[in-house]
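Below is one structure, written out as structure tokens; comments come after it.
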Amino acid sequence: MVMKVEVRLLGPLEVRGPDGPVLFTGARRRAVFALLALRTGRLVSRSALVDGLWGEDVPPTGTKTLQGHVAKVRRALELAGADGVVLTREPGYLLDVTQVAVDVEEFDEHLRCGRYAQALALHRGDPLADCPVEGWAGAEIVRLREALAFAEENQAAALCLDGRYAEAIAQLERLVALYPLRESLWDLLMEAQHRAGRAGDALRTYRRVRTLLVEEFGMEPGSALRRREAAVLAG
């Protein structure tokens, strides 16, 4: 069985070949590999790579510079025993899907199957934290951040269903600090507090989120949060 190159995108980029870690010199070269890994097994055109590297600030020698980065990426992979991972296919490049295992694909599969704890176990920080990417790649990072938030919310909901309210409340307090505009998290936090016999805390949570929304955005909480407040008040 051929050992695959392990690629981790859910945090700072980490790549490990058969002979050890792959050491890319420079943020742009890390970014080149990350752009290919985001679309493992699919052709990424040179124009898409240029857009992902520089966005609207493409240097005059953008395509030539990209080709130099690809050559250095290949050399770094070779030194870790991962020769032939980056393939040239006109009009661009792709990663050989038979040679790589990317954590994002495993993460997405866990999400599809509702295995939220397993999905979150792959999370090491902000996706591609050390890779400067632009354009479509920036949008993909936003998608990954949203998927992580979705997994964390569902894990907290599972804790509530199991009656593990203290754990759920601690996790949700952290999450509302990270995603203060995600009203479903505030709603779940109020539910966990209410079910734990902390109705007063649930009402204070409602006031917190209402103050945030009114003062920062001039808007009232949505209908779900208002219904939750009414339920808490009604006991």
Side-chain angles (χ1 to χ4, degrees), residues 8-14 34 38 102-133 137-235:
R8 305 180 72 188
L9 306 178
L10 297 173
L13 177 67
E14 290 184 6
L38 284 170
V102 184
D103 61 351
V104 169
E105 295 180 355
E106 184 181 356
F107 174 81
D108 286 339
E109 178 64 19
H110 285 315
L111 281 192
R112 283 191 292 270
C113 297
R115 298 188 296 260
Y116 303 115
Q118 292 94 319
L120 291 172
L122 299 170
H123 180 209
R124 297 173 295 109
D126 197 35
L128 296 178
D130 59 348
C131 296
V133 295
E140 181 64 15
I141 289 175
V142 170
R143 182 195 76 80
L144 290 173
R145 288 170 180 160
E146 283 294 313
L148 287 164
F150 174 80
E152 290 185 301
E153 181 174 341
N154 279 275
Q155 185 187 47
L159 291 173
C160 285
L161 286 175
D162 289 342
R164 296 159 63 182
Y165 301 122
E167 292 176 63
I169 290 167
Q171 181 166 327
L172 287 162
E173 285 286 7
R174 179 181 61 82
L175 291 175
V176 296
L178 287 173
Y179 312 105
L181 300 183
R182 201 177 181 97
E183 290 192 29
S184 56
L185 291 172
W186 292 96
D187 181 48
L188 194 54
L189 175 57
M190 289 179 66
E191 179 185 4
Q193 290 169 326
H194 192 198
R195 290 181 179 275
R198 295 166 51 181
D201 285 344
L203 293 173
R204 280 187 284 275
T205 294
Y206 180 81
R207 289 195 290 271
R208 282 166 57 198
V209 65
R210 182 180 183 277
T211 298
L212 170 71
L213 293 173
V214 170
E215 292 186 354
E216 294 293 326
F217 301 97
M219 56 187 288
E220 290 287 341
S223 58
L225 278 173
R226 295 197 301 272
R227 286 195 299 272
R228 182 70 65 191
E229 182 204 26
V232 175
L233 289 169

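All heavy atoms count here, side chains included; hydrogens, waters and symmetry mates do not.
- Side-chain N or O atoms of Asp187 include none that pairs as donor or acceptor with a backbone N or O of Arg228 at under 3.5 Å.
- For the residue pair Ala157 and Leu188, the shortest heavy atom distance occurs at N-CD2, 3.7 Å.
- Checked for salt-bridge contact, Arg115 and Glu106 miss the test: no charged N lies under 4.0 Å from a carboxylate O.
- The heavy-atom pair separating Leu172 from Ala192 by the smallest distance is CD1-CB, 4.4 Å.
- Across Ala151 and Tyr116, no two heavy atoms sit closer than the pair O-CB, 3.7 Å.
- The shortest distance between side-chain heavy atoms of Glu140 and Val133 does not fall below 4.5 Å.
- Counting all heavy atoms, side chain and backbone alike, Ala34 lies closest to Cys131 at CB-SG, 4.0 Å.
- Side-chain atoms of Arg195 do not come within 3.5 Å of backbone N or O of Cys160 as any donor-acceptor pair.
- Side-chain contact between Val214 and Met219: absent, with no pair of heavy atoms (C-beta onward) separated by less than 4.5 Å.
- Under the 4.5 Å side-chain criterion, counting only non-hydrogen atoms from C-beta, Leu38 is not in contact with Val102.
- A distance of 11.0 Å separates CG of Asn154 from CG of Leu159, quoted to the nearest 0.5 Å.
- In this structure a side-chain-to-backbone donor-acceptor pair under 3.5 Å is missing from Trp186 to Pro221.
- Between His194 and Asp201 there is no side-chain heavy-atom pair separated by less than 4.5 Å.
- Residues Leu181 and Phe217 are in side-chain contact: their nearest non-hydrogen atoms beyond the backbone lie under 4.5 Å apart.
- Side chains of Leu13 and Arg8 form no contact here, defined as non-hydrogen atoms less than 4.5 Å apart.
- Here the OG-CZ distance, from Ser184 to Phe150, works out to 10.0 Å after rounding to the nearest 0.5 Å.
- With rounding to the nearest 0.5 Å, the separation of CE in Met190 from CG in Leu203 is 6.0 Å.
- Here CG of Asp126 is found 7.0 Å from CD1 of Ile141. Values are rounded to the nearest 0.5 Å.
- Screening residues 150-159 for salt bridge (charged side-chain N to carboxylate O under 4.0 Å, His left out), with sequence neighbours left out, gives Glu152-Arg174, Glu153-Arg182.
- Note that OG1 of Thr205 and CG of Leu189 are 4.5 Å apart. Values are rounded to the nearest 0.5 Å.
- Rounding to the nearest 0.5 Å gives a distance of 6.5 Å between CZ of Arg207 and CZ of Arg204.
- Asp108 and Arg143 are joined by a salt bridge, as a carboxylate oxygen and a charged side-chain nitrogen come within less than 4.0 angstrom of each other.
- Nearest heavy-atom pair across Pro180 and Leu212 is O-CD2, 3.4 Å.
- Two residues are said to be in side-chain contact when any heavy atoms from C-beta on lie closer than 4.5 Å; Pro127 and Leu148 meet this criterion.
- Among residues two or more places apart in sequence or in another chain, the salt bridge (Lys or Arg N to Asp or Glu O under 4.0 Å) test is passed with Glu105 by none.
- Closest approach of Ala119 to His110, counting heavy atoms only: CB-CB, 3.7 Å.
- Scored by the salt bridge (Lys or Arg N to Asp or Glu O under 4.0 Å) test, Arg227 finds no partners at all (sequence neighbours excluded).
- Partners of Arg112 by side-chain hydrogen bond (donor to acceptor under 3.5 Å, both in side chains), not counting sequence neighbours, listed by chain and number: Glu109.
- Side-chain contact between Glu183 and Leu213: present, with at least one pair of heavy atoms (C-beta onward) separated by less than 4.5 Å.
- The list of salt bridge (charged side-chain N to carboxylate O under 4.0 Å, His left out) pairs with a residue in residues 210-219, not counting sequence neighbours, reads Arg210-Glu220.
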Problem - Test side-chain contact (heavy atoms from CB on, under 4.5 Å) applied to Tyr165 and Arg198, step by step - result: CA-CA 10 Å; Tyr165 301 122; Arg198 295 166 51 181; over 6 Å; no

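- The salt bridge (Lys or Arg N to Asp or Glu O under 4.0 Å) test applied to Asp103 returns no partner, not counting sequence neighbours.
- Without hydrogens or angle criteria, Glu14 side chain to Leu9 main chain gives no donor-acceptor distance under 3.5 Å.
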